[in-house]
Amino acid sequence: MSKSPAESTQDIKNVTPTQIPLEIEIEVVSEEEMALIDAALATATRCSQLSSSSAISATSCFPSSQLLQRNVRSIQSITLLAKRRLSGIDGPGEPDIEDSGHFAMTQKRNRVAKSFLERFRKNRALSVTDIKSTEWCEKQMEFMLLFGRPIANKAMKVGHARHVKLEGEVITKVKVPVQSFEDRWAIKFINFINGANQLLSEGLTRELPLFGFIEGVWMVGVIDEIQMPVKETDINPMIVDVKTRVLETLPAESQRRNGRLQLMCYKYMWDNLAAGNFPSRQFFDFFSLNPYHVLSEEVRENTAEAGYPAKTLDDIVRYYMNAWNMLPPAHNQLLLRYEFQNDQSLLGEVEFAYDHDWLKSRIQGCLEFWRGEREASYIPDEERWKCKYCRFASVCPAIGKPESSRSPSKTNSDSIQS
């Protein structure tokens, strides 16, 4: 049965598609968890204040290694507590962790904890951003899921504004009222179809949304730019991603690797869809959508004006699948373009080849974390510079561990692609 969200408006593009933001669902943190976090943050803040004074040694914050270890265990217990809580369906009973004053676990789990995939992406898709964020640092991804993503900073806002400007160069948006989840999905599919048609007729489109099923999970993404090749003998479109930089330099290897992963995910999804692999029945079931739900009058009018007269979401999905029948696989060469934020000048372009085996191993490693098959891994020692820019650094167990004792990330420790 169709669910009806509060009436709102969606952007539909006259020429090319727009991505409907899939906001990250933040699960409410219990008072017990927040107490643990507040205690850890207070300790970290006090330590920072004391260590900044020349008259007081930084070691005065932690007079013994035993206390340091206890603080590290306290943060680890936060993760365990959060992962073992069955949000929304827990009934009365014994808690998993007792004696929180000493942060000691005195009772074994009597049930299987839900995975992050079940808790935060149930009836929703993983995004390519989820995959690249997990590859960047699994522990940071875990913290973001449990406690929320950081507020966008100035650099992030400038980067977003640049993408909006680039999109506006080739796209016109129209506001369309929506009354159901089926309406929302209909507009997403129409936006892709419009973008695909623009690609074939004009040779370029931007902000193209993708929805597909790969490696056993539903995944969504938005391609910054995709362009048809100049050579008439080449029919495969090239996927491009624009990265804006605060510094007037090209990024470090780990950042470039993360960008390569993102573009390879897009190509994997694109090729899979171009091959006709879109299980529509599974799509309707997974997202709890009624394929025969009659779309709102406004949506039906706009889709008809776009050239796709349809009554139900099932009709729109058929148009979506037919659009993929016209599209060839993406080019094996992918392109990362880096711009300087101050003046949008080009810092450089990095072209690289698609590596299917490398990509699958990365995705599978990330999915092990999402499916709860293993604990979050820490970044390898050579990438600990990332911690300087992480908002969770003060409460992360990795910071309190000697480099030699930390296990390198399962998804980051293999050979780096050139």
Side-chain angles (χ1 to χ4, degrees), residues 2-3 17 19-25 114-135 181-182 184-193 195-196 207-223 226 237 239 261-293 312-330 334 354-373 411:
S2 175
K3 301 176 184 177
Q19 169 68 3
I20 310 302
L22 299 178
E23 297 180 358
I24 289 186
E25 179 180 324
K114 280 177 145 185
S115 68
F116 287 128
L117 197 60
E118 293 173 300
R119 290 177 60 184
F120 298 101
R121 296 296 182 269
K122 186 176 183 180
N123 300 126
R124 297 174 54 206
L126 274 177
S127 68
V128 173
T129 298
D130 288 332
I131 295 298
K132 68 189 290 276
S133 296
T134 304
E135 193 271 347
F181 291 114
E182 285 79 4
R184 290 179 183 273
W185 274 103
I187 290 177
K188 293 178 185 182
F189 286 126
I190 289 297
N191 282 336
F192 170 81
I193 297 169
E207 299 300 314
L208 186 67
L210 293 181
F211 326 101
F213 188 75
I214 61 171
E215 298 300 316
V217 296
W218 285 97
M219 194 171 294
V220 299
V222 186
I223 298 177
I226 185 162
I239 297 173
L261 174 68
Q262 179 182 356
L263 264 65
M264 288 191 201
C265 282
Y266 293 152
K267 174 173 166 57
Y268 189 11
M269 293 175 67
W270 181 283
D271 291 356
N272 200 46
L273 288 161
N277 297 323
F278 184 83
S280 58
R281 296 301 104 184
Q282 292 182 38
F283 165 76
F284 292 125
D285 290 342
F286 180 83
F287 292 100
S288 300
L289 298 167
N290 179 0
Y292 307 111
H293 173 79
T312 67
L313 181 59
D314 186 64
D315 296 334
I316 297 295
V317 169
R318 292 178 188 275
Y319 284 123
Y320 176 71
M321 296 171 70
N322 287 337
W324 279 110
N325 291 333
M326 302 184 299
L327 296 167
L334 305 168
Y354 176 70
D355 187 334
H356 187 68
D357 293 337
W358 180 84
L359 173 67
K360 285 195 69 170
S361 68
R362 291 277 164 164
I363 294 177
Q364 289 168 359
C366 291
L367 290 179
E368 288 176 1
F369 159 80
W370 278 93
R371 288 170 173 156
E373 296 172 6
T411 60

Inset, instruction - Give the intermediate values and the outcome of side-chain contact (heavy atoms from CB on, under 4.5 Å) for residues D314 and F284. - result: CA-CA 9 Å; D314 186 64; F284 292 125; 3.7 Å; yes
Legend entry - side-chain contact (heavy atoms from CB on, under 4.5 Å) evaluation trace for W270 with L208: CA-CA 11 Å; W270 181 283; L208 186 67; 3.5 Å; yes
Inset, instruction - Report the C-alpha distance between V128 and L210 in whole Å, list the side-chain angles of each, state the deciding distance to 0.1 Å, and finish with yes or no for side-chain contact (heavy atoms from CB on, under 4.5 Å). - result: CA-CA 10 Å; V128 173; L210 293 181; over 6 Å; no
Legend entry - side-chain contact (heavy atoms from CB on, under 4.5 Å) evaluation trace for V317 with W185: CA-CA 9 Å; V317 169; W185 274 103; over 6 Å; no
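Taking all atoms of both residues into account, the shortest heavy-atom contact from Q282 to F213 is OE1-CZ, 3.9 Å. The two atoms that bring P237 and P328 nearest to each other are CD-CG, 3.7 Å, heavy atoms only. The minimum heavy-atom distance between M219 and M269, with the atom names listed, is O-CE, 3.2 Å. Between M321 and S280, the closest heavy-atom pair is SD-CB, 4.2 Å. Nearest approach of A196 to L327, heavy atoms of both residues: CB-CD1, 4.0 Å. Nearest heavy-atom pair, S115 versus G372, reported as atom, atom and distance to 0.1 Å: CB-N, 3.8 Å.
Counted by atom type alone, S133 and D130 present zero donor-acceptor pairs between their side chains at under 3.5 Å.
Within the 4.5 Å cutoff, side-chain heavy atoms of V220 are placed close to those of S127. By the 4.5 Å heavy-atom criterion applied to side chains, W218 and R121 are not counted as neighbours. In this structure, the side chains of R371 and V217 come closer than 4.5 Å at one or more pairs of heavy atoms.
Ring geometry, Y320 versus F211: the interplanar angle falls from 30° to 60°, so the pair is classed tilted. Between W324 and F192, the two ring planes are parallel [angle under 30°; tilted spans 30° to 60°].
Rounding to the nearest 0.5 angstrom, the gap separating the CD1 atom in I214 from the CG atom in N277 is 11.5 Å. One distance of note links CG of L313 with CD1 of I316; it measures 7.5 Å at 0.5 Å rounding. Rounded to the nearest 0.5 angstrom, E373 CD and Q364 CD are separated by 10.0 Å. Taken to the nearest 0.5 Å, the CD1 atom of I239 stands 7.0 Å off from the NZ atom of K267. Put simply, CZ on R124 and CG on L117 are 11.0 Å apart, with the number rounded to the nearest 0.5 Å. Here C265 contributes atom SG and I131 contributes atom CD1; the two are 6.0 Å apart, rounded to the nearest 0.5 Å.
In this structure, D285 does not pair ionically with R281, as no charged nitrogen and carboxylate oxygen lie closer than 4.0 Å. Checked for salt-bridge contact, D355 and K360 miss the test: no charged N lies under 4.0 Å from a carboxylate O.
Ring centroid separation for the pair F283 and F189 comes in under the 6.0 Å cut-off.
Checked by atom type and distance alone, the side chain of N272 never pairs as donor or acceptor with a backbone atom of Y268 at under 3.5 Å. Judged purely by atom type and a 3.5 angstrom limit, N325 has no side-chain atom pairing as donor or acceptor with the backbone of G276. A donor-acceptor pair under 3.5 Å links the side-chain atoms of E182 to the main chain of N290, judged by distance alone.
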